[in-house]
Trainee: 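I am attaching a structure below and will ask some questions about it afterwards.
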Amino acid sequence: MSPNTSVSPPNASGQAILVAVGWPYANNHLHAGHLAGAYLPADIFARYQRMRGNRVLMVSGSDSHGTPVTVRAEQEGTTPEDVFQRYHQSFLDTFKGFGISFDLFTSTDTANHIEVTQQLFLQMLEQGDLYEADQELLFDSIAGRFLPDRYVEGICPKCSFDGARGDQCDNCGSTLDALDLINPRSKLSDATPERRKSRHFFLRLTAFTERLMKWIEQPEHRDWRPHVRNFTLGMLREGLIDRSITRDITWGVPIPLEGYESKRIYVWFEAVIGYLSATKEWAATSGNPDGWKAWWTDPAARTVYFIGKDNVPFHTVIWPAMLMSAGGLNLPSDVPANQYVTMSGSKASKSRGGVVWLPDYLERYDPDPFRYALTASMPETNDTDFTWADYVRRNNDELVARWGNLVNRVLTITRRNFDGRVPRAPSTLSPESQALLDRVDGAFDTVGGDYDRVQMRRALAGAIEVAGAANQYLDARAPWQAVKTDRDHAAETLYVAINAISGLITILNPVLPFTTQKAWEYLGHEGKVGIAGWRRTPVLAGTVLPEPGPLYRKLDDSVVAEEEARLGL
RNA sequence: GGCAGGAUAGCUCAGCGGUAGAGCAGCGGACUCAUAAGCCGUUGGUCGCGGGUUCAAAUCCCGCUCCUGCUACCA
């Protein structure tokens, strides 16, 4: 990927960029890990690319199928549809609340998705990339369900540890086959599972090893994140395994063939197709049914997948293999998978607590400070730890004090001393004034390049540093004094500071969409931030400045203890 | 077991071949426009351990210790 580092005006015919975001599983609310891992970086990336004038399409949807949804429905005495609908709505509310700017957030429970999935299924079957075979599986006769390996526990055949899961032993770390467990028991009902044969469809992954290897080794994939690239190469070197892509369940996408009424296509095969089906849905809805091709069949398009690291194999091996089988569709340009965020040192876990639920957060705080704090410690190269102490510090020291206060102090002095209007600067600026504006303009290149490479931490650090430079500039020129002795000097300072802020607003907008929009209006600008593209929008002398308000609230230290208690660790 | 990432100032982390850096915390100072914010200065580290390569290593190589995570038949 060549980083876009040059500043260009908005351009309706920019590059087509598909921002594909992992599909959340509709069996619980979203938490901070989801946001930091996938939705926030995707949103920052999309907002930046839109301002660059690129044709961005950002899609995702609820993954409505799969065993845990049905399990949860049974526990609650309701239907899978009900569970899925409830959380789907929760997701929509959460994205709205945090400003995650999807062009479409749909679900796998649509007629369109089912149709696209079945069509691809049949196409791959015809290609010979799917085949039928019998599979021996464990069946829980009390729950009346075949058991995924993870739902079986027993004694590890290798180390005799009692409590090994069907897929892996937590004690000795070896990968297991559920059929080899000694004294197996179902995690659903505690029943002793019985062996049953079942006929299923398999994805012939083994046939794709060579092609995938070639694809990964293309020069443009060299700068994929090391953990993504190496993990994928490792899988390919070890040898792929054909996997069954159907299950004995009734909640899911039906198999479009006679005699398979009691089986469904399984989620890991079907959910990734959502990227394609969602694009088609968006195109159809916007009145141009062929519009999806701009992102999927035009080789000039860029498709970037934002997911958590646990999802890497599906996006760098399985989905590309499926796309190769289908033919004529773009393979992922990049999969900048993130690592994990831990909460106060504890891994987010639904059972053990230690989770910041996003709907919960929004009841008490504003979205931008969370976006800011999570971006500042985004798990791009390693797991990171979120603490409320860090959140409060970043809010108070960086958002309130450094950035918010910069805007506030500049606007206040100006309004008070220049009749509420932006003062006029001399035609030739002093060197330090010019230097500040140059610094802001330069940040469009450096920070923009970081956004483009999906290095959000670096981007944000670079942006906030410029706010620091603006504060230094102000202190050096002390317009609050100059206004009494040399009005022209003060006028230049404030004019320059206001214009520097204007640039900073645009630069920070991908991370802080809500508060930068507010600030944008405080400068007398109209419309949306960045409407003029990825560049500093000048604020002209004489512009009437409306009364500003605080962009951020200072938080009391007691928030830390309160929220830590709420984490229940 | 395999793979990845980490181990650098009290804390969070950046640097990734060329005289140890930032923010916060601590200490001192000048200022007062601002949500008592901002600015300047300063204390503080034998860069996990042991070898090696090099004129030069936090930075490259080998070995070791500890931490985190991933490991497609859960999403």
Side-chain angles (χ1 to χ4, degrees), chain A residues 22-27 63 65-69 71 135 137 147-151 158 165-168 172-179 200 202-203 205 225-235 237-238 240-245 247 266-268 271 308-314 316-318 337 339-340 342 345 347 376-377 379-385 387 389-390 393-394 396-402 404-414 416-417 457-458 461 464-465 467-468 470-476 478-483 490 494 548-554:
Chain A
W23 291 49
Y25 206 41
N27 73 332
D63 185 349
H65 303 133
T67 310
V69 172
V71 169
Q135 194 175 15
L137 297 162
L147 295 167
D149 286 353
R150 289 248 169 159
Y151 281 70
K158 296 191 177 159
R165 287 196 320 258
D167 59 330
Q168 187 177 21
C172 66
S174 40
T175 307
L176 304 176
D177 186 326
L179 296 170
H200 282 290
F202 284 73
L203 169 60
L205 269 179
R225 294 188 177 174
H227 72 271
V228 175
R229 185 181 150 79
N230 290 333
F231 175 80
T232 306
L233 285 170
M235 267 181 83
R237 278 195 281 261
E238 274 177 38
L240 301 176
I241 301 164
D242 292 350
R243 294 296 186 190
S244 66
I245 58 147
R247 292 290 186 281
Y266 206 48
V267 277
W268 67 255
K309 62 175 160 184
D310 48 342
N311 245 322
V312 169
F314 298 100
T316 63
V317 174
I318 292 169
Q339 313 266 339
Y340 284 158
T342 55
K347 189 189 169 188
S377 56
E380 291 168 345
T381 54
N382 45 263
D383 292 352
T384 56
D385 191 41
T387 63
D390 185 62
R393 186 190 67 70
R394 287 200 187 274
N396 291 352
D397 294 351
E398 296 178 17
L399 285 179
V400 174
R402 196 173 309 168
N405 181 52
L406 168 69
V407 176
N408 193 37
R409 68 196 296 213
V410 167
L411 292 180
T412 305
I413 313 169
T414 307
R416 223 169 261 167
N417 295 289
R457 300 178 69 151
R458 180 186 286 270
I464 208 71
E465 219 178 274
N471 276 320
Q472 289 167 1
Y473 169 80
L474 271 188
D475 269 76
W480 50 91
Q481 280 180 341
V483 81
L494 294 168
L551 295 173
Y552 309 95
R553 297 186 283 149
K554 188 161 182 175

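Within every chain, numbering begins at 1; the chains are lettered A, B, ... in the order of the sequence lines, protein sequences first and strands thereafter. Because the structure is a prediction, the values reported are computed rather than measured.
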Trainee: Within the structure shown, what part of the strands sits under 4.0 Å from A:Lys309 by heavy-atom distance: base, sugar-phosphate, or nothing?
Mentor: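 Since only primed, P, OP1 and OP2 atoms lie under 4.0 Å of A:Lys309, the category is sugar-phosphate.
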
Trainee: With a 3.5 Å limit on both atom pairs, tell me what B:G63 is paired to, counting Watson-Crick and G-U wobble, or say none.
Mentor: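 Base-paired to B:C49.
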
Trainee: Which sits closer to the 5' end of RNA chain B, A:Arg402 or A:His227, going by the nucleotide each is nearest to?
Mentor: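 Upstream on the strand: A:His227.
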
Trainee: Looking at B:A72, B:C73, B:C70, which one has an atom nearest to any side-chain atom of A:Arg247?
Mentor: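 Selected nucleotide: B:C73.
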
Trainee: Closest approach to the side chain of A:Asp397, judged atom by atom: which nucleotide of B:C33, B:G38, B:C24 is it?
Mentor: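 Minimum distance to the A:Asp397 side chain belongs to B:C24.
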
Trainee: How long is the line joining CD1 of A:Ile318 and P of B:A72, in whole Å?
Mentor: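 Between P of B:A72 and CD1 of A:Ile318: 10 Å.
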
Trainee: Measure from CD1 on A:Ile464 to P on B:C24 and round the result to the nearest Å.
Mentor: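 The distance from CD1 of A:Ile464 to P of B:C24 comes to 12 Å, rounded to the nearest Å.
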
Trainee: Partner lookup for B:U32, please. Criteria are Watson-Crick or G-U wobble with both distances under 3.5 angstrom; report none if nothing qualifies.
Mentor: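 Pair assignment: B:U32 / none.
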
Trainee: Using a heavy-atom cut-off of under 4.0 Å over every strand shown, decide if A:Arg225 touches base, sugar-phosphate, or nothing.
Mentor: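 Touches nothing.
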
Trainee: If you measure from the P atom in B:C60 to the same atom in B:C47, how many Å do you get, rounded?
Mentor: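 It works out to 15 Å between them.
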
Trainee: Is A:Leu551 touching bases, backbone alone, or none of the nucleic acid, heavy atoms closer than 4.0 Å?
Mentor: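 Base contact.
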
Trainee: With C1' as the reference atom in both, quote the distance from B:U43 to B:A57 in angstrom, rounded to an integer.
Mentor: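 It comes out at 28 Å once rounded to the nearest Å.
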
Trainee: If you look at every strand shown and take non-hydrogen atoms under 4.0 Å, does A:Ile241 touch a base, only sugar-phosphate, or nothing?
Mentor: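 Contact class for A:Ile241: base.
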
Trainee: Given atom CZ of A:Arg394 and atom C1' of B:U35, what is their separation to the nearest angstrom?
Mentor: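 Those two atoms, CZ and C1', are 20 Å apart.
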
Trainee: Classify A:Glu465 by what it touches in the nucleic acid, base, sugar-phosphate, or nothing, heavy-atom distance under 4.0 Å.
Mentor: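 Touches nothing.
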
Trainee: Going through the distances and angles, do A:Val483 and A:Ile413 end up as a side-chain contact (heavy atoms from CB on, under 4.5 Å)?
Mentor: CA-CA 9 Å; A:Val483 81; A:Ile413 313 169; 5.7 Å; no

Trainee: Which one is paired to B:U54, where only Watson-Crick or G-U wobble pairs with both distances under 3.5 angstrom count?
Mentor: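 Check on B:U54: unpaired, no WC or wobble geometry under 3.5 Å.
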
Trainee: Could you please name the partner base of B:A4, counting Watson-Crick and G-U wobble pairs only when both distances are under 3.5 Å?
Mentor: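 Base-paired to B:U68.
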
Trainee: Within the structure shown, what part of the strands sits under 4.0 Å from A:Trp268 by heavy-atom distance: base, sugar-phosphate, or nothing?
Mentor: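 Here A:Trp268 touches the backbone only, sparing every base.
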
Trainee: Between CG of A:Asp310 and CD of A:Gln339, what distance do you get to the nearest 0.5 Å?
Mentor: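 So the CG of A:Asp310 and the CD of A:Gln339 are separated by 10.5 Å.
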
Trainee: In whole angstrom, give the distance that lies between atom OH of A:Tyr473 and atom P of B:C33.
Mentor: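 Distance check: A:Tyr473 OH to B:C33 P gives 18 Å.
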
Trainee: Side chain of A:Arg458: nearest nucleotide among B:U35, B:G15, B:U32?
Mentor: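 For the A:Arg458 side chain, the nearest candidate turns out to be B:G15.
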
Trainee: For A:Asp242 and A:Leu205, indicate whether the former's side chain and the latter's backbone hold a donor-acceptor pair under 3.5 Å.
Mentor: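 Yes; judged by distance alone, with no hydrogens or angles, the pair exists.
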
Trainee: Looking only at the side chain of A:Pro550 (C-beta and beyond, no hydrogens), which of the listed nucleotides B:U32, B:C73, B:U35 gets closest?
Mentor: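 Nearest to the side-chain atoms of A:Pro550, counting from C-beta on, is B:U35.
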
Trainee: Distance check, C1' atoms only: B:G52 and B:C67, in whole angstrom units.
Mentor: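 It works out to 26 Å between them.
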
Trainee: So which nucleotide from B:A72, B:U35, B:A34 ends up closest to the side chain of A:Asn405?
Mentor: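 Of all the options, the side chain of A:Asn405 is nearest to B:A34.
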
Trainee: Would you say A:Gln472 reaches B:C40's phosphate, i.e. side-chain N/O to OP1/OP2 under 4.0 Å?
Mentor: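 Checking A:Gln472 against B:C40: at least one side-chain N or O falls below 4.0 Å of OP1 or OP2.
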
Trainee: Please state how far atom CD1 in A:Ile413 lies from atom C1' in B:A34, giving the value in whole angstrom units.
Mentor: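 Nearest whole value for this atom pair: 7 Å.
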
Trainee: Only pairs with both distances under 3.5 Å count, Watson-Crick or wobble alike; so what is the partner of B:A22 in this structure?
Mentor: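 Partner of B:A22: B:U12.
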
Trainee: Under 4.0 Å between any heavy atoms, over every strand shown, what does A:Arg243 touch: base, sugar-phosphate, or nothing? Just pick one.
Mentor: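 Here A:Arg243 touches the bases of the nucleic acid.
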
Trainee: For A:Val267, which contact category applies under a 4.0 Å heavy-atom criterion: base, sugar-phosphate, or nothing?
Mentor: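 Touches sugar-phosphate only.
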
Trainee: To the side chain of A:Glu398, which of B:A72, B:G23, B:U32 is closest?
Mentor: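 Looking only at side-chain atoms, A:Glu398 lies closest to B:G23.
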
Trainee: Could you check A:Phe231 against A:Lys309 for side-chain contact (heavy atoms from CB on, under 4.5 Å), going step by step and ending with a plain yes or no?
Mentor: CA-CA 10 Å; A:Phe231 175 80; A:Lys309 62 175 160 184; over 6 Å; no

Trainee: If you define the side chain from C-beta out and look only at heavy atoms, does anything of A:Leu551 sit under 4.5 Å from A:Asn408?
Mentor: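 When only atoms from C-beta onward are counted, A:Asn408 and A:Leu551 do not touch, as no gap falls below 4.5 Å.
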
Trainee: Under the side-chain contact (heavy atoms from CB on, under 4.5 Å) criterion, do A:Trp268 and A:Ile245 qualify, and how do the steps go?
Mentor: CA-CA 8 Å; A:Trp268 67 255; A:Ile245 58 147; 3.4 Å; yes

Trainee: Expressed in whole Å, how much space separates the P atoms belonging to B:G1 and B:U8?
Mentor: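 Between the two P atoms, the distance is 24 Å.
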
Trainee: Could you measure between the two C1' atoms, the one in B:G18 and the one in B:U54, and give it in whole Å?
Mentor: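 Nearest-Å result for B:G18 against B:U54 at atom C1': 12 Å.
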
Trainee: Would you indicate, yes or no, if B:C70 has its OP1 or OP2 atom less than 4.0 angstrom from a side-chain nitrogen or oxygen of A:Gln339?
Mentor: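 False: A:Gln339 side-chain N/O out of range (4.0 Å or more) of B:C70 OP1/OP2.
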
Trainee: Go through B:U35, B:C33, B:C3 for me and flag the one nearest to the A:Asn230 side chain.
Mentor: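 When the side chain of A:Asn230 is considered, B:C3 is the closest of B:U35, B:C33, B:C3.
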
Trainee: For A:Leu240, which contact category applies under a 4.0 Å heavy-atom criterion: base, sugar-phosphate, or nothing?
Mentor: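 Answer is base: heavy atoms of A:Leu240 come under 4.0 Å of a base.
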
Trainee: When you measure from the side chain of A:Tyr340 to the backbone of A:Asp385, do you find a donor-acceptor pair of N or O atoms at a distance under 3.5 Å?
Mentor: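 Pair absent, no side-chain N/O of A:Tyr340 close to backbone of A:Asp385.
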
Trainee: Would you call A:Pro479 and A:Leu474 a side-chain contact if the rule is heavy atoms closer than 4.5 Å?
Mentor: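 Yes; the side chains approach each other to less than 4.5 Å.
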
Trainee: Among B:A4, B:C13, B:A34, which nucleotide has an atom closest to any side-chain atom of A:Pro226?
Mentor: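 For A:Pro226, the side-chain atoms sit closest to B:A4.
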
Trainee: Could you please name the option among B:U35, B:G38, B:G69 that lies closest to any side-chain atom of A:Ala401?
Mentor: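 Selected nucleotide: B:G38.
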
Trainee: With both distances kept under 3.5 Å, what pairs with B:G17, Watson-Crick or G-U wobble?
Mentor: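 By the stated definition (distances under 3.5 Å), nothing pairs with B:G17.
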
Trainee: Using atom P in both nucleotides, what's the gap between B:C61 and B:G17 to the nearest angstrom?
Mentor: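 It comes out at 11 Å once rounded to the nearest Å.
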
Trainee: Has A:Asn230 got a side-chain atom pairing as donor or acceptor with A:Pro226's backbone, closer than 3.5 angstrom?
Mentor: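 Checking the backbone N and O of A:Pro226 against the side chain of A:Asn230, a donor-acceptor pair under 3.5 Å is found.
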
Trainee: Without decimals, in angstroms, what is the distance between A:Asp385 CG and B:G5 C1'?
Mentor: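 So the two atoms are 15 Å apart, to the nearest Å.
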
Trainee: Provide, to the nearest angstrom, the distance between the CD atom belonging to A:Gln481 and the P atom belonging to B:C31.
Mentor: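 So the two atoms are 9 Å apart, to the nearest Å.
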
Trainee: Between B:U71, B:G69, B:U35, which nucleotide has the shortest distance from any of its atoms to the side chain of A:Phe231?
Mentor: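 Nearest to the side-chain atoms of A:Phe231, counting from C-beta on, is B:U71.
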
Trainee: I want to check one thing: is the phosphate of B:C70, taken as OP1 and OP2, less than 4.0 Å away from some side-chain N or O of A:Tyr340?
Mentor: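 Yes, because at least one side-chain N or O of A:Tyr340 sits under 4.0 Å from OP1 or OP2 of B:C70.
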
Trainee: Find the distance A:Asp390:CG to B:A22:P and express it as a whole number of Å.
Mentor: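 It is 19 Å, rounded to the nearest whole Å.
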
Trainee: For RNA chain B, whose closest nucleotide is more 5', that of A:Asp475 or that of A:Asp310?
Mentor: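 Looking at the nearest nucleotide for each, A:Asp475 comes out on the 5' side.
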
Trainee: Measuring only the P atom in each nucleotide, how far is B:C31 from B:G44? A whole number of Å is fine.
Mentor: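 Here B:C31 and B:G44 have their P atoms 28 Å from each other.
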
Trainee: Say you pick atom C1' in B:A14 and the same atom in B:G45; how far apart are they, in whole Å?
Mentor: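 It works out to 15 Å between them.
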
